[in-house]
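Below is one structure, written out as structure tokens; the observations come after it.
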Amino acid sequence: MRLLLIEDDDRIAGPLTEGLGRYGFTVDHVRTGAAGLADAEVAPDLVLLDLGLPDMDGLDVCRSLRARSAVPIIMITARGEEADRIVGLELGADDYLAKPFGVRELIARIRAVTRRAGAPAYAPAGPAEAAEAHQPASGAQALGPLTVNRRTREVHLDGRQVALTPREFDLLAHLAEDPGTVYSRQQIMDSVWDPHFFGPTKTLDAHVAALRRKLGDAGWITTARGVGFRLTVPGHRAASEGLN
């Protein structure tokens, strides 16, 4: 999927282009409204438009784009006031995202906008999603008494459904991609949260603690001190230790 990013600030455009590229997008980046209007002639699949451009107001760029094309437009801007959002949407923008934001939120908006526009469904190529593509057709993965179903996003333990929040499920599913493997804290934050997540990593510890509590045994998720976490089956670990 080809995106046209119209953003004059390289400190934003660089990480954003890199982050979207990790999920399989091709991003063409221009720094001015005039260059964006010229590049739009090549018919991108979607336009990401900043409002604070050096040569012209992003609202005028939006108006010009909409006059000539039905290409989906998502405004990305520091202008978070309601009046700015209303004007942008009335000029033809399909969505409006105020800075700061994470790449995962932007991808969710892109998916929603392209669905509404009737474009083919976008299949991301991020780390977690790529791993899902290698799961059995049923989507269910059995780890001893634990079953993780990525298609239905359900988890069962000893036949009983375990109620998890969306983030808790994503964390468990990520660790279950390769049971026994130690995933570093940074790997987990990049895959389960966002490569450009800015915030305390203590949120990871809180989610691990919640998962351990809901699974009823802290042994399901063990800590590799100074590195990260791994998923293990408590009974299997105990059995192997008894043989040593």
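Only heavy atoms go into these numbers, but all of them, side chains included; no hydrogens, no water, no symmetry mates. If you read the sequence from its start, that first residue is 1, and numbering goes on from there.
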If you look at every heavy atom in [X] and [Y], which pair is closest and at what distance?
X: Leu164; Y: Glu168; answer: CA-OE1, 3.5 Å
X: Phe229; Y: Asp205; answer: CZ-OD1, 3.9 Å
X: Gly33; Y: Asp55; answer: N-OD1, 2.9 Å
X: Cys62; Y: Gly92; answer: SG-C, 4.2 Å
X: Met75; Y: Leu51; answer: SD-CD2, 3.7 Å
X: Leu65; Y: Ala40; answer: CD2-CB, 3.5 Å

Using side-chain heavy atoms (C-beta onward) and a distance below 4.5 Å, is [X] in contact with [Y]?
X: Asp45; Y: Thr26; value: no
X: Trp220; Y: Leu172; value: no
X: Thr232; Y: Leu143; value: no

Between [X] and [Y] (salt bridge meaning N to carboxylate O under 4.0 Å), is one present in this structure?
X: Asp170; Y: Arg167; result: no
X: Asp50; Y: Arg31; result: no
X: Arg109; Y: Glu105; result: yes
X: Arg160; Y: Asp158; result: no
X: Arg2; Y: Asp39; result: yes

Self-check item: Met189/Thr203 under side chain to side chain contact (heavy atoms under 4.5 Å, CB included): CA gap, chis, key distance, verdict
Solution: CA-CA 10 Å; Met189 294 300 296; Thr203 187; 4.1 Å; yes
Practice problem: Decide whether Leu211 and Val182 are clustered together by the hydrophobic rule: side chain heavy atoms of Ile, Leu, Val, Met, Phe, Trp, Tyr closer than 4.5 Å, transitively. | Solution: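 Shared cluster, no.
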When rounded to the nearest 0.5 angstrom, what is the spacing between [atom1] in [X] and [atom2] in [Y]?
X: Leu5; Y: Ile76; atom1: CG; atom2: CD1; result: 5.0 Å
X: Leu146; Y: His156; atom1: CG; atom2: NE2; result: 10.5 Å
X: Ile73; Y: Tyr96; atom1: CD1; atom2: OH; result: 13.5 Å
X: Met56; Y: Arg63; atom1: CE; atom2: CZ; result: 9.0 Å
X: His29; Y: Leu3; atom1: NE2; atom2: CG; result: 12.5 Å
X: Asp28; Y: Ile6; atom1: CG; atom2: CD1; result: 10.5 Å

Check whether any side-chain N or O of [X] sits under 3.5 Å from a backbone N or O of [Y] as a donor-acceptor pair, and report yes or no.
X: Asp94; Y: Ile74; answer: no
X: Arg66; Y: Ser69; answer: yes
X: Thr32; Y: Pro54; answer: no
X: Glu7; Y: Ile12; answer: no
X: Arg68; Y: Leu37; answer: yes
X: Arg153; Y: Pro166; answer: yes

Practice problem: Apply side chain to side chain contact (heavy atoms under 4.5 Å, CB included) to Ile110 and Met1, showing your working. | Solution: CA-CA 10 Å; Ile110 291 172; Met1 187 174 187; 4.0 Å; yes
Practice problem: Start with the C-alpha distance between Leu231 and His174, add both sets of side-chain angles, then the distance that settles side chain to side chain contact (heavy atoms under 4.5 Å, CB included), and finish with yes or no. | Solution: CA-CA 9 Å; Leu231 182 69; His174 178 67; over 6 Å; no
Exercise. Take Lys214 and Val155 through the test side chain to side chain contact (heavy atoms under 4.5 Å, CB included) and record every step on the way to the result.
Key: CA-CA 11 Å; Lys214 291 183 178 182; Val155 172; over 6 Å; no
